[in-house]
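Before any comments, here is the structure.
For ligands, and for the atoms within them, numbers begin at 1 and follow the listed sequence.
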Amino acid sequence: MDFSLSSEQTMMVDATRRMVAEDIEPVLAANNPDKPLPKPAALAILQAASRMGITAARLPQAEGGAGLSALDYGLICEQLPTMAAFLIQCQETAVLRLHYGSNPEQRKRFLPDLIAGKRIATTATTEPDGGSDPRGTRTTAVDQGDHVVVNGNKMWITNGSIADIVNVTCRRGGPNDGRNLMRVVIDRDESPFEAREIDVIGMRQSHLAEMVFDNCRVPKANCFGESGDAAKILTVTWLAGRCLLGLAAVNLATRAFEATRAYAGVRKQFGTYIGGFQLVQQGLSDMETAIVASRLLCYNALSAIDRGERANGLSAMAKRFTIDSCDRAIAIGMRLHGAMGLSRELGIERLARDVRMLSIPDGTPEILTLIHGREITGLDAFRPTASESKPRR
Ligand SMILES: Cc1cc2nc3c(=O)[nH]c(=O)nc-3n(C[C@H](O)[C@H](O)[C@H](O)COP(=O)(O)OP(=O)(O)OC[C@H]3O[C@@H](n4cnc5c(N)ncnc54)[C@H](O)[C@@H]3O)c2cc1C
C-alpha cells in the first residue's frame, strides 16, 4: 500500500494550483465577496476548468471527457477554492448525469457547450417540501402531444439562477417508491422559467436558487433515459459527490490550519510566541489530525468507487466525518486567533461560514449516519418497510 502521489498525480495537482492562482483567484478577487458571482465571471471560471478538462473530468475520453478516475478528480477538486469547486462539480456532475442513459442525439445537443463552459448546467431535485426524501418529489411532468408540461417548485438549487440547462427530477404519478421519477432536461432558452437567488450564511459568491416551473412546456425529446431511472442516476453520482464535498472541507480546514500555524509563530503573549504554549500546540495538533484523517477517508472511498465496489457506507462515513472534523478544526483555528479570528480582516470567519454549507447537500449528517447504519446492519432505519431491509448476519 503506497500513500504517496504518483508523478502524474503530482503534476495534476501542481497544474490545478497554477490554474487556481492564474485563472480563478483573480476572478473571485475582482468581484464582491458577499454577492453571487455575475454569470460572465462564473463562465470564465468554467472555461478555465474546461481548458484543464475538468468540466467533464470523469466522462470517457471517447465522449469528449478527460476519463479521470474519481480519486484523481478528487485530488484536483481538493485544490480548488470552495466556490469554484462547487461551480465546477455542479457542472461536471450534470454532464455525467446527462450522459448516463441518454441517446446520441441528446448528448450531441447538450454536452459540447457544457464541456466547453459556454453554458451552465445544474440538477434540480430538492423541493420546498422534499429534501432528504427525494421520493417525495411533487414536480410533475405530464404528456401533451410532442411535449411534456412541467409544474412544480425546486429549492436550494446550486447555480439555479444562472443555469441554462436544468436536469429536473419529475414525477409521473404512481406510488412514492422512487420508480416513478424521471429526468426532464429543460433548456432555458426554449422553455423559460423563473428563478430567485436565496441568501445564505456561507459561500456567498455561489448561487443557490428557488426555481418555479409553471406550465413549462418541454419537448419530449428532452426526456432523458428510461422513465423511472432518475433515482438510480442520482444515487450513483451522490457516492463520489459526498467525498468531493468532503475534500472541499479539507481545503477550507487546511487554509485555517496554515493561517493558524503562521499566527502562532508571530503572535506573542506573556512575553513569548503563543505557538510555544502546550494548549495552542494541542489545538494545532487536533487541526492537522482532522485534516489528514478526513483526506484519507475521502481518498479511500473514492478509490473504492474506482474499483467498482459498493461504496455507499464508505462515502457516507467519509462525508459525515470530514465535514464535522473540518468544521471543528476551523473553529479551533478561529479560537487560536483570539479576537482576530472573528474579524472579517483575516477571512478565518469566512472559512467557518463556508464549511457549514457543505454539510447539507448530497446527504445531511443524519441521513449519512442512517445510510452507514444500513450498510452495517442491513436494516433500513429511514424506510423500515423497504424490501431490501434484511439483517446482516
Ligand atoms: C449548498 C447547498 C447546495 C445544494 N444544491 C442542490 C442542488 O444543486 N440540487 C438539489 O436538488 N438540491 C440541492 N441542495 C438541497 C439539499 O440536497 C437538501 O437541502 C438536503 O437534501 C436536505 O433537505 P432539506 O433541506 O429539505 O432538509 P430536510 O430533509 O427537511 O431535513 C431537515 C432535518 O431533518 C433531518 N432528517 C430528515 N429525515 C431524517 C430521518 N429519516 N432521520 C433522521 N433525521 C432526518 C435532516 O438530517 C435535517 O437535519 C443543496 C443544499 C445546499 C445547502
Numbering as shown, the atoms of ligand 1 that approach [X] to under 4.0 Å (heavy-atom distance):
X	value
M357	1 (C)
L370	40 (C), 41 (N), 42 (N)
F382	41 (N)
F86	1 (C), 3 (C)
E366	43 (C), 44 (N), 46 (C), 47 (O), 49 (O)
T364	22 (C), 46 (C), 47 (O)

More than 12 non-hydrogen atoms from neighbouring residues, nucleotides or ligands closer than 6.0 Å to [atom1] on [X], yes or no?
X	atom1	value
R107	CZ	yes
K220	NZ	yes
E194	CD	no
Y273	OH	no

Would you verify that at least one protein heavy atom lies under 4.0 Å from [atom], or report that none does?
atom	value
atom 52 (C) of ligand 1	yes
atom 4 (C) of ligand 1	yes
atom 30 (O) of ligand 1	no
atom 47 (O) of ligand 1	yes
atom 35 (C) of ligand 1	no

How are the rings of Y263 and H337 set relative to one another: parallel (under 30°), tilted (30 to 60°) or perpendicular (over 60°)?
parallel

Just distances here: any N/O of [X] and N/O of ligand 1 closer than 3.5 Å?
X	answer
D133	no
T158	yes
T123	yes

L208 and ligand 1 - part of the residue with a heavy-atom distance under 4.0 Å:
side chain

Using heavy atoms and a threshold below 4.0 Å, how should the contact between T125 and ligand 1 be classified: side chain, backbone, both, or neither?
both

Nearest protein heavy atom to [atom], by residue and atom, and its distance?
atom	result
atom 37 (C) of ligand 1	S132 OG, 3.8 Å
atom 6 (C) of ligand 1	W156 O, 2.9 Å
atom 16 (C) of ligand 1	T126 OG1, 3.7 Å
atom 26 (O) of ligand 1	G131 CA, 3.3 Å

Just going by heavy-atom distances, which of I367, T169, V168 is nearest to atom 39 (C) of ligand 1?
I367

Counting only heavy atoms, tell me which of L368, L358, I360, D380 gets closest to atom 20 (C) of ligand 1.
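Among L368, L358, I360, D380, the closest heavy atom to atom 20 (C) of ligand 1 belongs to I360.
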
With a 4.5 Å heavy-atom cut-off, do D133 and F382 have their side chains touching?
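No. Closest side-chain heavy atoms not under 4.5 Å.
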
I45 and I76: same hydrophobic cluster, using ILVMFWY side-chain contacts below 4.5 Å?
yes

Heavy-atom closest pair (N167 atom, R97 atom, distance to 0.1 Å) is ND2-CB, 3.8 Å

What's the verdict on salt bridge (charged side-chain N to carboxylate O under 4.0 Å, His left out) for D34 and R344, showing C-alpha distance, side-chain angles and the deciding distance?
CA-CA 12 Å; D34 265 334; R344 299 200 77 175; 3.4 Å; yes

So CG of L302 and CG of L244: to nearest 0.5 Å the spacing works out to 6.0 Å

With no hydrogens and no angle check, just 3.5 Å: does a side-chain donor-acceptor pair link N312 and R242?
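Yes - a donor-acceptor pair under 3.5 Å links their side chains.
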
Could R138 and D129 be called an ion pair, given the rule that one side-chain N must be under 4.0 Å from one carboxylate O?
yes

